[in-house]
Visitor: 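Supplied in structure tokens, the structure appears directly below.
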Protein chains: 2
Amino acid sequence: MKSGRNEIDQRMRSFEEMCRKLGVKRTHQRMEIFREVAQTADHPDAEKVYRGVSERIPTMSLDTVYRTLWLLKDLGLITTLGSPRERTRFDANLDHHHHFVCVKCGLTRDFYSDDLDSLKLPDSLLSIGHAVKTQVEVKGLCRECAAGEKPGDKKRRQ
Amino acid sequence: MKSGRNEIDQRMRSFEEMCRKLGVKRTHQRMEIFREVAQTADHPDAEKVYRGVSERIPTMSLDTVYRTLWLLKDLGLITTLGSPRERTRFDANLDHHHHFVCVKCGLTRDFYSDDLDSLKLPDSLLSIGHAVKTQVEVKGLCRECAAGEKPGDKKRRQ
DNA sequence: TTCTTAAATAGTAATTATTCTCTTTATAGA
DNA sequence: TCTATAAAGAGAATAATTACTATTTAAGAA
């Protein structure tokens, strides 16, 4: 499930270009951390990235991995699954519903749609597993955040 | 955004019935914790539930709230947003893709579908915010988990 | 109702992912 | 090369969640 070498080289180049454009330093550590994430098709956690990179840079620290991953996210070069460092939230709404999440302030609201309740899933899913429930997650800006900056909203961290 | 009183009473009754059916004790604490989650339309975290219930049961402990919430989840009476106690995972796949998540072992796989990339969202969303990106999350059983019990898989916790 | 027993609770300590602070090192431009 | 400054490293700190243990309570039997 590894990405091809060409594609990785391509992404490494665009990463370097992005760094140059934004005045972000291209350090050995950053390059290797980015490479580690870019060359795997699964969704590693920080610990796994750390283990992988440590084989090449033994003095690597976990903190640097975290810092770099968040940086990469800010640069738009990677995304995250799940909300980092956020408390688990409990949902008593058992009706089939979907979620809107504000990428800025984290506001989460349910919404409903009969169309979205009965989506046609691709056949390729069959090779992965058996679907039980599908839910649509819409990311965007809530009206308040879209209207203007609210002081005290934490950046990065959805 | 509170649910109506009738509906809550209805849910309290089905909760009690469910407990009786499964031989789970109906304690004062459990009833109040369930009521707290059922009567709010937002998605409270454990701390918020704790604060709410504490007004009625001052000796309530946070641990009980956590244990009860996971119990409610196991009973299928509530669901969670985000994966509890799971590390943040990083995703280097920037192509528009969707996720299949095994509810049993947590396996997460990307899949693709042009249809799902361009979903028609309901107008009701406009009152909440401005959509930037939509992603479909399919929950189900991966082939391995569907095939049989794997020893050492942690239950509860997706 | 009272008794019995397994299950649940409260309180506190322990875990663990993530972040902060401070010092050292490496990068990019002059 | 030299210098200003960003980034890395190390270890301690933080905070959400879980584990442990003594005590209490619900549910069914007598």
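We name chains A, B, ... by the order of the sequence lines, and we start the count at 1 in each one. Because the structure is a prediction, the values reported are computed rather than measured.
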Visitor: Select one nucleotide: of C:dA8, D:dG9, C:dA28, the one nearest the side-chain heavy atoms of A:Arg26.
Guide: C:dA28

Visitor: In whole angstrom, give the distance that lies between atom CD1 of A:Ile57 and atom P of D:dG9.
Guide: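 Checked: the CD1 to P distance equals 7 Å.
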
Visitor: Nearest nucleotide by nearest heavy atom, which residue falls closer to the 5' end of DNA chain D, B:His28 or B:Ala46?
Guide: B:Ala46

Visitor: Using modelled atom types only, decide if a donor and an acceptor are shared between the side chain of B:His43 and the backbone of A:Asn93 within a distance under 3.5 Å.
Guide: no

Visitor: Name the residue closer to the 5' end of DNA chain C, choosing between B:Val24 and A:Val24 according to the nucleotide with the nearest heavy atom.
Guide: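 The residue mapped nearer the 5' terminus is B:Val24.
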
Visitor: D:dT17, OP1 or OP2 - any side-chain N/O from B:Trp70 closer than 4.0 Å?
Guide: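 So the side-chain polar atoms of B:Trp70 never come under 4.0 Å of the phosphate oxygens OP1 or OP2 of D:dT17.
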
Visitor: For B:Thr68 and B:Phe90, take the nucleotide of DNA chain C holding the closest heavy atom to each; which residue's nucleotide lies nearer the 5' end?
Guide: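 Closer to the 5' end of DNA chain C: B:Thr68.
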
Visitor: Among the candidates D:dG9, D:dA7, C:dA10, find the nucleotide nearest to the side-chain atoms of B:Ser61.
Guide: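 Shortest atom-to-atom distance from the side chain points to C:dA10.
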
Visitor: Side chain of B:Asp63 only, heavy atoms from C-beta on: which candidate in C:dT18, D:dA19, C:dA6 is closest?
Guide: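 Of all the options, the side chain of B:Asp63 is nearest to D:dA19.
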
Visitor: Counting only side-chain heavy atoms from C-beta out, which of C:dT19, C:dA8, D:dT5 sits nearest to A:Lys25?
Guide: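 It is D:dT5.
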
Visitor: Would you tell me if any nitrogen or oxygen in the side chain of A:Thr27 comes within less than 4.0 Å of OP1 or OP2 on C:dA26?
Guide: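 No, because none of the side-chain N or O atoms of A:Thr27 sits under 4.0 Å from OP1 or OP2 of C:dA26.
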
Visitor: Can you check whether B:Gln29 has a side-chain N or O nearer than 4.0 Å to OP1 or OP2 of D:dT25?
Guide: no

Visitor: Answer yes or no: are there more than 12 heavy-atom neighbours, outside A:Arg143 itself, under 6.0 Å from its atom CZ?
Guide: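 Open.
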
Visitor: Of the options C:dA28, D:dT17, D:dT25, whose atoms approach the side-chain atoms of B:Tyr66 most closely?
Guide: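 Per side-chain heavy atoms of B:Tyr66, the pick is D:dT17.
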
Visitor: Would you say the side-chain atoms of B:Arg30 pair up with the backbone N or O of B:Cys19, donor to acceptor, closer than 3.5 Å?
Guide: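 Looks like no, no N/O pair under 3.5 Å.
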
Visitor: Measuring from the side chain of B:Arg30 (C-beta onward, heavy atoms only), which nucleotide among C:dT9, D:dA7, C:dA10 has the closest atom?
Guide: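 When the side chain of B:Arg30 is considered, C:dT9 is the closest of C:dT9, D:dA7, C:dA10.
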
Visitor: Before accepting this row, confirm whether a basic side-chain N of the pair A:Asp9/A:Arg13 lies closer than 4.0 Å to the acidic partner's carboxylate O.
Guide: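 The answer is no: the pair does not qualify as a salt bridge.
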
